[in-house]
Amino acid sequence: MIDARSHSFADRHVGPDSAELARILDVVGVASLDELATRAVPASILDAAPGGVAAGLDTLDSPLTEHEALIALSALAARNTVAVSMVGLGYYDTLTPPVLVRNILENPAWYTAYTPYQPEISQGRLEALLNFQTMVGDLTGMEIANSSMLDEGTAAAEAMTLLRRASRSKSPRFVLDTDLFPQTRAVVITRAEPLGIEIVEADLTQGLPDGEFFGVLAQLPGASGRVVDHTSMIAEAHERGALVAVGADLLALTLLTPPGEQGADACFGTTQRFGVPMGFGGPHAGYLAVHTKHARQLPGRLVGISVDVDGDKAYRLALQTREQHIRREKATSNICTAQVLLAIVAAMYASYHGAEGLKAIAQRVHRHAEFIAAGLQAAGVEVVHGEFFDTVLARVPGRAVEVVENAQAWGINLRLVDSDHVGIACDEATTVEHTASVLAAFGLTAGTVVDVAPAPFGNRTSGYLEHESFTKYRTETAMLRYLRSLSDKDIALDRSMIPLGSCTMKLNATAEMEPITWPGFSKLHPFAPASDTPGMLQVIEDLQDWLVAITGYDAVSLQPNAGSQGEYAGLLAIRNYHLSRGDSHRDTCLIPSSAHGTNAASAVMAGMRVEVVACRENGDVDLDDLRAKIADHAERLAAIMITYPSTHGVYEHEIGEICAAVHDAGGQVYVDGANLNALVGLARPGRFGGDVSHLNLHKTFCIPHGGGGPGVGPIGVRSHLAPFLPGHPMAPELGEAGPVSAAPYGSASILPITWTYIKMMGAQGLRRASLTAIASANYIARRLDEHFPVLYTGENGMVAHECILDLRPLTKETGVTVDDVAKRLADYGFHAPTMSFPVAGTLMVEPTESENLDEIDEFCEAMIAIRREIDRVGAGEWPVDDNPLRGAPHTAECLVSEWKHPYSREVAVYPRGKARPKVWPAVRRIDGAHGDRNLVCSCPPIEAYSD
Ligand SMILES: *Cc1c(COP(=O)(O)O)cnc(C)c1O
């Protein structure tokens with residue numbers, strides 16, 4: 001008999017084989033993974049017997065092979081009904097060009113890349129994101145757009161807080177138009193409450209409300225489909241000292257005067273219908289655009305143009321000083337992971353179709369809507385709004401349920417607005433047959449169908465997408481080569497390990513990725529009837545159960561779209577718990593100085609004051625300072641946010657005492673679970689003191705980083721916080737709390753990645769992954785310590801799943817900086833580790849369990865070789881300002897210009913010979929400050945290329 005299981009998936013996922021593992025453990029100084037578990041993890045939290053797994057995890061099935069898991073999952077996908085979706089409300093069917101499906105969505109060169117913090121080896125995705133910003137800016141008529149938001153609802157909430165920062169009015173009131181999408185309204189209301197913003201709702205076609213307000217949120221077209229020109233409303237708001245943000249549909253804007261030209265101060269929305277599948281709600285790239293004068297108020301990431309040391313044009317993230325990593329509680333928002341991969345799809349969709357193509361799609365969509373409206377009117381059905389783009393609102397007194405049910409029998413989902421109204425949204429996938437079926441659902445026969453003269457629709461006069469990024473790539477050959485030329489500039493996991501501490505850049509297995517483009521998951525509307533989505537809901541339920549078992553919490557919400565959003569949702573749960581007990585004075589959040597910047601930013605969003613707790617010399621939380629701070633704030637203590645293992649990569653032994661001290665004072669414990677890769681199968685935050693944690697499925701649970709997103713940041717809570725988990729207006733089963741994302745289950749379409757991972761690893765495989773990650777991190781720590789001292793270790797001299805290399809003494813002696821080392825690693829063919837987080841002047845290395853010993857050793861050899869180069873600088877052999885480190889990274893072009901350096905070309909580009917495949921950086925060291933002084937955040941005009 002052939003043994004089909006001769007390779008378990010865990011053997012494919014975990015890099016080191018048994019011989020390699022033995023060598024790793026030998027260097028670490030332990031005999032087995034079990035011994036490692038007892039040596040590295042504090043006994044007080046280790047809840048597994050040696051060789052066993054954490055209680056609760058034993059409920060996981062025995063692992064499936066890749067093929068078995070895909071069969072099981074496809075059975076779930078098959079249980080879903082992929083109806084024709086005409087529900088609308090911000091989610092539309094779209095026809096993703098196959099060249100983009102295979103070469104972006106299904107291409108590891110794009111989906112396994114990290115956030116472009118090392119711009120020299122990220123020029124490809126930075127250019128794609130600049131195209132996205134240009135597309136949004138052009139279509140909305142605004143001057144500057146960021147490089148994607150988490151979804152439309154959160155983009156609206158960010159627009160609200162942006163207007164508040166930018167507005168001269170000190171009023172706490174904010175006006176919402178009554179024709180907003182219900183989920184946009186709900187997300188904004190959730191966000192407003194802890195910030196003390198008073199929401200006033202008004203039908204803006206009847207004029208602005210009385211009294212003072214700092215801002216207004218309107219939509220174009222409205223949720224009802226109505227198209228309203230907001231020009232006079234905006235002018236009146238400005239006269240009254242308020243600013244205005246408009247949520248706008250980008251496809252409609254190819255035909256309609258954009259909000260920027262109507263005078264809006266900000267514009268937000270989603271780019272979903274530009275080729276990104278609905279996916280039961282996400283992930284999709286939201287957008288936010290403003291006038292240049294508000295550029296510094298923009299939240300999230302912004303790609304800008306600068307120059308490298310040779311004076312060549314180069315892209316990098318602009319205005320990083322606004323980001324939460326640096327500004328913490330003063331940050332403009334908590335956004336970290338965003339929706340890069342989906343933003344790139346949307347931008348390329350626009351490139352592939354160009355302005356004329358998009359316009360033609362929009363006209364076709366509108367004609368279908370017009371045809372439906374004309375048919376309804378001819379039969380005497382009232383069409384509520386005469387001015388619409390893609391969505392028709394029909395009034396059928398008392399008959400709405402019947403019409404929607406009829407349509408469902410025809411395989412079409414319409415929107416049941418209320419018992420008298422039905423909404424019908426057309427999209428790129430709508431056909432003549434669909435429109436005929438819609439009319440039939442209203443009881444109209446083919447005879448009542450009228451001819452619609454194809455009159456062009458719209459009043460937009462300004463041009464858009466005239467840059468060559470949107471004109472040159474209209475054939476498949478051209479697009480294919482463009483995508484390849486861009487991804488060739490970047491280092492993703494398909495070329496090298498990416499040892500980024502705190503980011504857990506592990507394998508994103510192909511079997512995990514395959515399901516995300518299956519129509520059974522990707523073509524579901526988030527508000528489709530539950531009878532259409534039992535398979536998807538089963539994936540969600542399974543995952544919630546498994547995450548409960550893994551974390552030791554009682555309930556899990558999958559709604560948050562990123563770790564930062566999980567933090568926010570978790571802190572809101574804490575806030576609302578305190579409020580429910582009448583403890584409205586509990587508003588202080590303790591955060592250790594070593595925390596991730598999002599922690600402080602999230603606490604502020606949740607209406608809390610941040611109080612920083614000191615760390616000791618050894619990196620651990622200073623218990624004396626903690627006790628003092630608790631005493632100082634006793635009555636006001638709401639929570640502590642503590643990362644475990646710490647952001648220093650260490651298992652703090654005193655975690656139990658820390659949690660107890662906070663609980664004794666009436667506070668709640670938020671355990672930041674981004675580092676769960678060091679805990680899965682070993683210890684459970686819900687059992688060692690946490691009340692709530694977020695996890696990063698895009699770190700520990702194999703969702704790829706996508707160049708900076710998407711992500712999923714679920715939260716686990718103990719039972720007393722469960723009533724405060726995020727709810728949703730369209731999903732009453734989630735309870736009454738407000739939503740933190742636009743869709744009930746957030747980025748649902750990427751949950752099958754994690755489902756497959758857990759299913760294929762099984763409980764033992766997950767534990768093995770955690771311990772292998774810890775073993776490899778300790779191996780690197782041991783090998784590199786004599787060259788770059790490891791800054792922090794636990795009581796036992798061990799690190800957890802990552803280690804911090806301290807370069808500060810070397811920098812002091814030689815002038816060589818962490819930047820120099822990070823850039824030099826690119827010459828060696830590696831992506832740099834995390835730089836200067838959580839300690840400035842250091843590198844944080846996290847190998848994960850997926851790297852085999854060869855790759856880990858090559859990385860160590862590269863680091864050791866770099867150390868020797870630093871020594872030569874220190875010895876005066878090379879000047880501080882002209883050496884291979886300061887000159888890094890080196891491009892192919894720099895070799896063919898006159899060579900005036902005191903080191904050779906070979907040393908520059910092949911420092912370790914030719915053994916490792918060379919990834920040529922596309923640009924040399926980038927001058928970030930230049931770009932921030934001369935902010936350019938969209939594709940430069942064509943003339944800029946002429947000389
Ligand atoms: C990554 C990370 C976060 C933020 O997660 P995002 O998904 O990027 O928002 C928060 N805390 C820690 C410790 C992290 O490493």
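Each ligand, and each atom within it, is numbered from 1 in the order the structure gives. Please read these numbers as outputs of a predicted model, since none were measured by experiment.
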Original post:
Counting N and O atoms only, with roles assigned by atom type, does the side chain of H694 sit under 3.5 Å from a partner on the main chain of V712, one being a donor and the other an acceptor?
Top reply: no
**OP:** Mark up the atoms of ligand 1 that fall under 4.0 Å of a heavy atom belonging to N696, in ascending order.
**Re:** 1 (C), 5 (O), 6 (P), 7 (O)
**OP:** Considering the heavy atoms of S564, write down every atom of ligand 1 situated less than 4.0 Å from one of them.
**Re:** 5 (O), 6 (P), 9 (O)
**OP:** Find all atoms of ligand 1 within a distance of less than 4.0 Å from any non-hydrogen atom belonging to T337, and give their numbers and elements.
**Re:** 6 (P), 7 (O), 8 (O), 9 (O)
Subject >> Within-cut-off N or O pair, N675 and ligand 1, under 3.5 Å >> reply: no
Subject >> Worked check of side-chain contact (heavy atoms from CB on, under 4.5 Å) between Y651 and L679 >> reply: CA-CA 10 Å; Y651 297 102; L679 293 179; 3.9 Å; yes
Subject >> Numbered atoms and elements of ligand 1 in range of C336, under 4.0 angstrom, heavy atoms >> reply: 8 (O), 9 (O)
Original post:
Is it true that E193 and R575 make a salt bridge, defined as a side-chain N closer than 4.0 Å to a carboxylate O?
Top reply: yes
**OP:** Say whether, by atom type as modelled, one donor and one acceptor occur between the side chain of N576 and the main chain of F724 under 3.5 angstrom.
**Re:** no
**OP:** Mark up the atoms of ligand 1 that fall under 4.0 Å of a heavy atom belonging to H698, in ascending order.
**Re:** 6 (P), 7 (O)
Subject >> Polar proximity ligand 1 side, A562 side, N/O cut 3.5 Å exclusive >> reply: no
**OP:** List the atom of P560, the atom of S741, and the distance in Å for their closest heavy-atom pair.
**Re:** CA-OG, 3.8 Å
Original post:
Is the closest side-chain donor-acceptor distance between S602 and N334 under 3.5 Å?
Top reply: yes
Original post:
Which residue owns the protein heavy atom closest to atom 4 (C) of ligand 1, what's the atom, and how far is it?
Top reply: H596 CE1, 3.8 Å
Original post:
With atoms numbered from 1 as shown, which atoms in ligand 1 lie under 4.0 angstrom from a non-hydrogen atom of A674?
Top reply: 2 (C), 11 (N), 12 (C), 13 (C), 14 (C), 15 (O)
Original post:
Any Lys/Arg nitrogen of R191 or E158 sitting under 4.0 Å from an Asp/Glu carboxylate oxygen of the other?
Top reply: yes
**OP:** Please indicate whether any nitrogen or oxygen in N599 is less than 3.5 Å from any nitrogen or oxygen in ligand 1.
**Re:** no
**OP:** Determine whether the side chains of H663 and D691 contain a donor N or O and an acceptor N or O closer than 3.5 Å.
**Re:** yes
Subject >> Distance-only N or O hit between ligand 1 and T647, under 3.5 Å >> reply: no
**OP:** Return yes if some donor-acceptor pair links the side-chain N/O of D490 with the main-chain N/O of A492 below 3.5 Å, else return no.
**Re:** no
Subject >> Protein heavy-atom partner closest to atom 1 (C) of ligand 1 - residue, atom, separation in Å >> reply: K699 NZ, 1.4 Å
**OP:** Using non-hydrogen atoms of the residue, decide whether E567 is closer than 4.0 angstrom to ligand 1.
**Re:** yes
Original post:
When the ring planes of F830 and F859 are compared, do they come out parallel, tilted or perpendicular, using 30° and 60° as the limits?
Top reply: perpendicular
Original post:
Just distances here: any N/O of T643 and N/O of ligand 1 closer than 3.5 Å?
Top reply: no
**OP:** Report the nearest protein non-hydrogen atom to atom 11 (N) of ligand 1: residue, atom name, distance rounded to 0.1 Å.
**Re:** D672 OD2, 2.6 Å
